[in-house]
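One structure is given below, encoded as structure tokens.
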Amino acid sequence: MRKTILVLIILMVVSSLLAIDESELMSSDEYIWGRGEAEDYEVAEQTALTNLSEQISVVVESRFRSQWEEINKTNTAGKEKVELNEYAARIVNTYSGSFLKETGRIFIPPTKKNKNYIVYKFIKRSEKDKLFASRKQRAEEFLFRGRHNREDLNINRALLDFYSGLLLITSHPGQDTIKVCIENKAKNLKMQLDQEIRETLAGITFESGNMRVLGNYKRINVQAYYKGATISNLRYCYFDGNDQIEGNILDGMGRIDLVCSFCEAAEEIQVKIDYGKGANRQNKLMDPELKALNGFIYTADYTNQKMIELPGKERAKPAKIKYEEAKEFRAESKLARGEKKSLKNIMDEVIESLRKDKYDDVREYFTKGGYEQFRKLTEYGEISIYEEDFTIQYLNLENQVQVRSVPVVYKLNDVNKKVVVEKLCFIYEDGRISWVNFALEDSYIDDAIERNEKSKDLQERLLGINFMEYYKTIFNTQEADLIADVFADSAKIFAGYVKRTEKVPENLQRELNNKLEHKVVMTEYTKEEYISHLKYDVFANNKYINIQFRDAELIKRSSTLPIYAIQMHQDYYSTTYSDQGYLLLFVDFSNKGEAKIFFRYWQEEQIGQDSLRAIKPGDVKW
């Protein structure tokens, strides 16, 4: 009943807008309008929208005066000052996408006298503030999402969330008066976002660990903490003496390499924490709205520099390795006492082979396919063990034992010299190592165990984690044939590497975000087209690809089948291109040895859990 009433109200509003004619629109002060005229209808429509944006900016420009004055104050000498009307127009243009396309419209078709299309787009003056409502809501969402991510020690995501919210609220004409409820207190939203960024950056500390001198550079391990707790995820950059280098923190671990002559007399080195502003080569704010705002909206420069004390002399103590007691999930996979000791000895030797770059010494501990995979990962970049104390986990799952969380660091030998911390997961079956994956963070296993108390689907969740790790690994190593194997033959695939390559239509993005309860009919890549694109367009043109998955959600979507929606934040890096976004997969685990993706979709923004739960397998025909 409520839905019916809402539809009637919408129809009444639309009908009242459509009832107006050209002469009434032009003579009334009740409306703000724009006009477009052209031989091509789409050109006329776009011209009308652009003109409407300009008219709205004239009406609201006074409300941006304080922000405009702040920008001109900070302009350096010799820079041309921005005019208030130009600044207001740029802000309103960033709003124009979805809202202005749903305005009132008058259409006048071509005639013998005038062969052009004429389009008017208009809104009521009283409704202009609706233009800004969604931006306020999004800024609030980024604030609370950032606080949640900070609690999870995902500091990289938290900082980007806070900065994204700050950009959005700074572009709102009511930025100085908008309040948000924090711990039962009303606080200014803009000031709160500013405070969250400052407090988060202030709480980050780095400590140096082992240092080795290798040729003409020094390799220094670092650990990162937020208020004393180990940071799960963080990005930073530093100058190594020749180039600007980008690195990442994974479960507290990172590394910097410095040219010896550059830091010969130095006692400390500066690193800069990535929080979104002045995006570097590999840091992209996700959606077009944020990218547009980041180009011209004024925000403060936050103190994001941290000094790391350098060891006074070389410290090259090998890491102490602790082997955690195995987590038992299936009785038949339990290691016998002698076998457990044997596996520990095997892993000790495998780790030593990574230290010494002598891999033939451990070939006997692998199956043929397992050793080939191990060597692919050792050749992925310049690899080294992260030489600080670490814990190896045993995970017993059905007929295999996973030896998890062996930390390594890669220097990618491409033009960007990116440094990447990874963890390796060794799959042990029938007395030998049969496969090696790039592992997700340790917290995913702990979370799956905790959730099992309520959901009782631990096996499926562990399969989901293993599947994500396998998918990440074969994508990083550019194994197009193995990627083809994990897709169902009839899979629907939407690639969308931001608008510069495959284009996902805007109406499809809106459909998935807002109308997921409806059946969706979409244009998609076939499996063959997608694999061909990977082989010949992506892999052939990039020496390196590295994807990192964060914030993974597994939501069961069938009461009778093991079908899960897996959504995860994907940080995509390649030699020629990078982006961030959200990857949504529908995976069928019916055949546990051959899980199949039957729906893949990428977009720049996260789909909320309620919307994810609204999608059912039957909504996507495959």
Side-chain angles (χ1 to χ4, degrees), residues 149 154 156-157 159-161 164 232-237 246-250 274 276 279-288 290-291 294 377 380-381 410-423 437-441 467-480 482-483 486-487 493-504 509 525 530-531 533-553 566-585 597 600-607:
N149 280 321
N154 186 347
N156 178 67
R157 188 69 248 152
L159 285 168
L160 282 175
D161 285 338
S164 298
S232 168
N233 180 26
L234 186 67
R235 296 170 71 175
Y236 61 91
C237 62
E246 295 166 6
N248 75 306
I249 296 293
L250 176 66
D274 198 357
N280 58 43
R281 287 177 302 190
Q282 306 310 328
N283 172 40
K284 303 285 185 181
L285 289 164
M286 286 187 290
D287 65 32
L290 292 171
K291 291 174 187 174
N294 198 37
L377 297 194
Y380 180 68
Y410 290 100
K411 180 183 281 187
L412 306 185
N413 299 315
D414 63 357
V415 294
N416 300 319
K417 297 184 179 180
K418 189 176 178 69
V419 176
V420 181
V421 178
E422 294 280 4
K423 289 187 173 184
N437 278 328
F438 289 127
L440 299 181
E441 293 122 304
F467 181 79
M468 285 186 279
E469 292 176 338
Y470 178 70
Y471 185 80
K472 166 182 171 166
T473 303
I474 60 177
F475 208 99
N476 283 355
T477 54
Q478 304 187 28
E479 298 283 352
L482 294 182
I483 294 170
V486 301
F487 280 94
I493 302 170
F494 297 88
Y497 289 88
V498 189
K499 295 179 180 178
R500 286 180 284 179
T501 58
E502 283 76 38
K503 294 182 180 178
V504 178
Q509 293 186 36
Y525 287 100
Y530 179 60
I531 299 303
H533 163 68
L534 289 181
K535 281 183 178 179
Y536 303 114
D537 298 332
V538 180
F539 297 162
N541 295 310
N542 287 283
K543 183 175 182 180
Y544 284 106
I545 290 175
N546 184 267
I547 56 174
Q548 300 285 341
F549 292 146
R550 315 280 183 199
D551 312 332
E553 299 172 289
I566 302 176
Q567 180 178 230
M568 48 205 165
H569 177 255
Q570 177 182 272
D571 191 339
Y572 178 97
Y573 164 85
S574 72
T575 302
T576 61
Y577 175 79
S578 67
D579 66 42
Q580 294 188 49
Y582 282 86
L583 188 64
L584 174 62
L585 306 174
I597 300 170
R600 178 201 185 275
Y601 179 70
W602 182 97
Q603 68 167 17
E604 292 171 321
E605 266 299 318
Q606 188 175 24
I607 299 174

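One is the number of the first residue; the rest follow in order along the sequence. Scope of the values below: all heavy atoms of this structure, side chains included, with no hydrogens, waters or symmetry mates.
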Interatomic spacing from [atom1] in [X] to [atom2] in [Y] - rounded to 0.5 Å:
| X | Y | atom1 | atom2 | answer |
| --- | --- | --- | --- | --- |
| Asn233 | Asn149 | CG | CG | 9.5 Å |
| Asn154 | Ile249 | CG | CD1 | 12.5 Å |
| Ser574 | Leu412 | OG | CG | 11.0 Å |
| Asn413 | Lys543 | CG | NZ | 5.5 Å |
| Asn156 | Asn248 | CG | CG | 9.0 Å |
| Gln548 | Asn476 | CD | CG | 7.0 Å |

> Is the closest side-chain donor-acceptor distance between Asn546 and Tyr572 under 3.5 Å?
Replying inline: no

> Taking atom types as modelled and ignoring hydrogens, do the side chains of Asn542 and Thr575 form a donor-acceptor contact shorter than 3.5 angstrom?
Replying inline: no

>> Between Tyr410 and Leu377 (side chain of the first, backbone of the second, donor and acceptor by atom type, cut-off under 3.5 Å), is there such a pair?
In response: yes

>> Keeping Gln570 on the side-chain end and Phe549 on the backbone end, is there a donor-acceptor pair under 3.5 Å?
In response: no

> Can you check side-chain contact (heavy atoms from CB on, under 4.5 Å) on Ile483 and Gln478, steps first, answer last?
Replying inline: CA-CA 8 Å; Ile483 294 170; Gln478 304 187 28; over 6 Å; no

>> Please evaluate residues Tyr601 and Leu583 with respect to the criterion side-chain contact (heavy atoms from CB on, under 4.5 Å), reporting the C-alpha separation (whole Å), side-chain torsions for both, the decisive distance (0.1 Å), and the verdict.
In response: CA-CA 6 Å; Tyr601 179 70; Leu583 188 64; over 6 Å; no

>> Check the orientation of Tyr471 and Phe475. Use parallel for under 30°, tilted for 30 to 60°, and perpendicular for over 60°.
In response: tilted

> Which is it for Ile547 and Tyr573 under the side-chain contact (heavy atoms from CB on, under 4.5 Å) test, yes or no, and what are the steps along the way?
Replying inline: CA-CA 6 Å; Ile547 56 174; Tyr573 164 85; over 6 Å; no

>> Is there a side-chain contact (heavy atoms from CB on, under 4.5 Å) between His533 and Val538? Walk through the geometry before answering.
In response: CA-CA 7 Å; His533 163 68; Val538 180; 3.4 Å; yes

> Among all residues two or more places apart in sequence or in another chain, which pass the side-chain hydrogen bond (donor to acceptor under 3.5 Å, both in side chains) test with Thr477?
Replying inline: none

Kindly indicate whether the side chain of [X], heavy atoms from C-beta on, has any atom under 4.5 Å from the side chain of [Y].
| X | Y | answer |
| --- | --- | --- |
| Glu553 | Met568 | no |
| Phe467 | Val486 | yes |
| Phe438 | Glu469 | no |

> Does the ring of Tyr544 carry Lys418 above it, NZ/CZ under 6.0 angstrom from centre and within 45° of its axis?
Replying inline: no

> Is Arg550 salt-bridged to Glu441, cutoff N-O under 4.0 Å?
Replying inline: yes

> Salt bridge between Glu422 and Lys472, side-chain N to carboxylate O under 4.0 Å?
Replying inline: yes

